[in-house]
There are 2 protein chains.
Amino acid sequence: MKDVAKLAGVSPITVSRVLNRPEIVATGTAERVREVIERTGYVPNLLAGGLASRKTKFVAAIVPAISNQVFSEAIQSLTDRLWESGYQVLLGTSGYPASREEDLLAAILSRRPDGIFLTGISHSAESCRRLVTANVPIVEVWDLTPTPIDMLVGFSHENVGHAVAEHLLGRGYVRFGVISADDARAEVRRKAFLSHLSTRGIADLSTVLVPAPSSFRLGREGLGRLLEEAHLPLAVFCSSDTLAHGVLAEARSRRISVPGNLGIVGFGDLDFAAHTFPPLSTVRIDRTAIGRRAADALLGRIEGKDVERIADIGFQVIERGTT
Amino acid sequence: MKDVAKLAGVSPITVSRVLNRPEIVATGTAERVREVIERTGYVPNLLAGGLASRKTKFVAAIVPAISNQVFSEAIQSLTDRLWESGYQVLLGTSGYPASREEDLLAAILSRRPDGIFLTGISHSAESCRRLVTANVPIVEVWDLTPTPIDMLVGFSHENVGHAVAEHLLGRGYVRFGVISADDARAEVRRKAFLSHLSTRGIADLSTVLVPAPSSFRLGREGLGRLLEEAHLPLAVFCSSDTLAHGVLAEARSRRISVPGNLGIVGFGDLDFAAHTFPPLSTVRIDRTAIGRRAADALLGRIEGKDVERIADIGFQVIERGTT
DNA sequence: CGGAAATTTGTTATCGCTATCATATTCCAA
DNA sequence: TTGGAATATGATAGCGATAACAAATTTCCG
């Protein structure tokens, strides 16, 4: 920067201004400086800039796994929206369960992000303390709680459980099962599903728990295990479309008629859900909206605006061919 | 850091050493310092550290879109492998086509990454110049060229085209079609496919081009368009499993027998490929290996090791039920 | 027990930029 | 013409760490 300044016949601070607040520099000067920058191929150092200004222009995002479509789409829209405002995304994957979250958070806070995007609302006590101390805008997503650390963009997993139960009851099913990954949010949906059914006098239902992350194979095996203790006709609520897809395949191979003898509801409305045979009934979450609104929340807070702390983006039970 | 040093009765540089090179600090001293760090909740500032040491401990990754499973899995394994060595990943999505790549690169280079992961081998002249000037380890992936900017982990799209053609010829198909996304790499596969067939005296084949990114719907429509100019029996090579999935669905709805009257080959071996009905023949790329080996290449170069510049990870034609 | 080698700790000078305050220049109405 | 606001630029002092070298302390062996 010093060299650029010398070549342009100005002081370094003027170069800095041309780059960051061009509106306060005389047009002629700015042009001259820009020409030198172009000619020399000068690349500013954002580390130094960030150190001096305490603004790093990036946001850290923590998700359990980016290879999960559900999260990758949210990250995509987060990245896109932030890019428009000149921010970038530092990615961290915490794993299932969030075994690395604490270390990850420490590593991330060392970089002084301007904002943090966190998947889920349950973090270790130590993590929470660090986050609060860091005094940085934080948005938690994928869940709802009245007491977020800072901001929140999510939906009620409890309501999902209720809504799916209600939907299946409406379709006339009287026996129910759950195939669920071992995951905190899936667990909330499962419990709500059960409790809703029990308020309707239905206590008779079996649960199969499978390890996270869920997979097609686990879905197939899950149905097998479920049918050892439950008998048809039956409606199954799966904690993900991936599991549901496996259940559907297993049903076909056992020549169980879907939705006649076996109702299936997934979760997520992944790409393939509308294209299975029959197409999968499921719960749709607007993943893109999560990323976008989370970005807006962070940007708003960064700019010191008054942003709403909690956004419930809801969900939709999608009735297709498996119920 | 100064405060921690004072409380521990040492100089700041000793604190720095406890954090970065604990092996050269006396155990007693280190323990004392660590206790103070713990007690005060001191969070080191990696911006300042990076500025002084010229090591930022992160790698930038540019992919067209993270919501594409093909890339998200590579990023996942990249992130995982780098994490083990204390590095993090800054994510950038360049879009289809790579419209944002140049700006993205500028933004990224400003942060002085210790390494760069780039999808693809075709970059603008300006981008290449910047990358070379930056003098930072770079690994390009998903393609093969004898002249990478720095390092390369990929496979030959040309060979994929040849191999698929050979496979289909072996299955007895005599008429062929291509449904391909408008994407540079897909184009290479398509051309190789055609040229391989033409060496076998087959010139009669139709191509349908669809815009990227590909989707189930584009696959369905693609088959419709293809059948306007080609007639069955036919074998179709799709540029992605997603397209192939759509083709398969369209074939079913038109009551075209697969693989009897219509052979289908996808590309990517995505999650669902083995679970369509019939299961999809496709080309498998070890996406996880790409991320892992790219990480190893970058880490090796960062540590000053002599790493092999070009790694061909190959591919596999997977014969399932649609050919 | 002496002195060279090995180990441990400290001093100083940056790294490349921006915040803050100060100064110079321009503009315009009186 | 003049003085005060508005505009444009500059000087200085950090931001919070580490590199490089220097000094102090300990270790070790004949």
Side-chain angles (χ1 to χ4, degrees), chain A residues 1-34 36-37 40-58 86 106-114 133-136 304, chain B residues 1-34 36-37 40-58 86 106-114 133-136 304:
Chain A
M1 184 177 262
K2 221 183 288 180
D3 299 340
V4 171
K6 199 166 294 172
L7 284 170
V10 297
S11 74
I13 190 71
T14 300
V15 178
S16 167
R17 284 182 184 130
V18 169
L19 257 19
N20 298 312
R21 307 174 59 203
E23 69 279 3
I24 68 163
V25 178
T27 39
T29 316
E31 221 163 274
R32 201 149 29 91
V33 170
R34 251 189 266 278
V36 175
I37 288 175
T40 55
Y42 164 66
V43 179
N45 185 324
L46 232 56
L47 289 181
L51 181 60
S53 69
R54 292 144 180 293
K55 275 170 208 146
T56 48
K57 288 282 193 172
F58 82 91
I108 279 172
L109 288 176
S110 292
R111 297 186 189 277
R112 303 291 189 265
D114 284 343
T133 315
N135 191 31
V136 63
Chain B
M1 184 177 261
K2 222 184 284 180
D3 299 341
V4 170
K6 198 166 294 171
L7 283 171
V10 297
S11 74
I13 190 70
T14 300
V15 177
S16 168
R17 283 179 184 134
V18 169
L19 256 20
N20 299 311
R21 307 173 58 200
E23 69 279 5
I24 68 162
V25 178
T27 39
T29 314
E31 221 162 275
R32 199 148 31 89
V33 171
R34 251 189 265 279
V36 175
I37 289 176
T40 54
Y42 163 67
V43 179
N45 185 324
L46 233 54
L47 288 182
L51 181 60
S53 69
R54 293 143 179 293
K55 276 172 207 145
T56 49
K57 286 282 190 173
F58 82 91
I108 279 172
L109 288 176
S110 290
R111 298 186 189 276
R112 303 290 189 268
D114 284 343
T133 315
N135 192 30
V136 62

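A note on names: the letters A, B, ... follow the listed sequences, proteins ahead of strands, and every chain is numbered from 1.
Looking at A:Val10 and A:Val15, their side chains come closer than 4.5 Å, going by heavy atoms from C-beta outward.
A heavy atom lying under 4.0 Å from DNA chain D marks the following residues of residues 27-34 of chain A, by number: A:Thr29.
Rounding to the nearest 0.5 Å places CG of B:Leu7 at 7.0 Å from OG1 of B:Thr40. In this structure, CD1 on B:Ile108 lies 8.0 Å from CZ on B:Phe58, to the nearest 0.5 angstrom. Interatomic distance, CG of B:Leu19 versus OH of B:Tyr42, reported as 6.0 Å (0.5 Å rounding). Going from atom CZ of A:Arg54 over to atom CG of B:Leu47 covers 10.5 Å, rounded to the nearest 0.5 Å. Going from atom CG of A:Leu46 over to atom CG of B:Leu109 covers 11.0 Å, rounded to the nearest 0.5 Å. Here the CG-OG1 distance, from B:Leu51 to B:Thr56, works out to 11.0 Å after rounding to the nearest 0.5 Å.
Take B:Asn45 and apply the side-chain hydrogen bond (donor to acceptor under 3.5 Å, both in side chains) test, not counting sequence neighbours, and it matches no residue. Evaluation of the side-chain hydrogen bond (donor to acceptor under 3.5 Å, both in side chains) rule for A:Ser110 yields no partner, not counting sequence neighbours.
If one axis is set at each end of the helix from C:dC1-D:dG30 to C:dA30-D:dT1 from five pairs, those axes are 30° apart, to 10°.
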N/O-N/O pairs, protein side and nucleotides 15-19 of chain D side, under 3.5 Å:
unit_1 : atom_1 : unit_2  : atom_2 : d
D:dC15 : O3'    : A:Arg54 : NH2    : 2.8
D:dG16 : OP1    : A:Arg54 : NH2    : 2.7
D:dG16 : N2     : B:Ala48 : O      : 3.2
D:dA17 : OP1    : B:Tyr42 : OH     : 2.6
D:dA17 : OP1    : B:Asn45 : N      : 2.8
D:dA17 : OP2    : B:Met1  : N      : 3.1
D:dT18 : OP1    : B:Ser16 : OG     : 3.4
D:dT18 : OP1    : B:Asn20 : ND2    : 2.2
D:dT18 : OP2    : B:Ser16 : OG     : 2.0
D:dT18 : O5'    : B:Ser16 : OG     : 3.3

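Between A:Arg34 and A:Pro22, the closest heavy-atom pair is NH2-CB, 3.9 Å. In terms of heavy-atom proximity, B:Lys57 sits nearest to A:Arg111 at O-NH2, 2.6 Å. Smallest separation of non-hydrogen atoms from B:Ala30 and B:Val25: N-CG1, 3.8 Å.
In summary, contact between chain B and DNA chain C, defined as any nucleotide atom under 4.0 Å from a heavy atom of the protein, begins and ends at C:dT8 to C:dG16 in the 5' to 3' direction.
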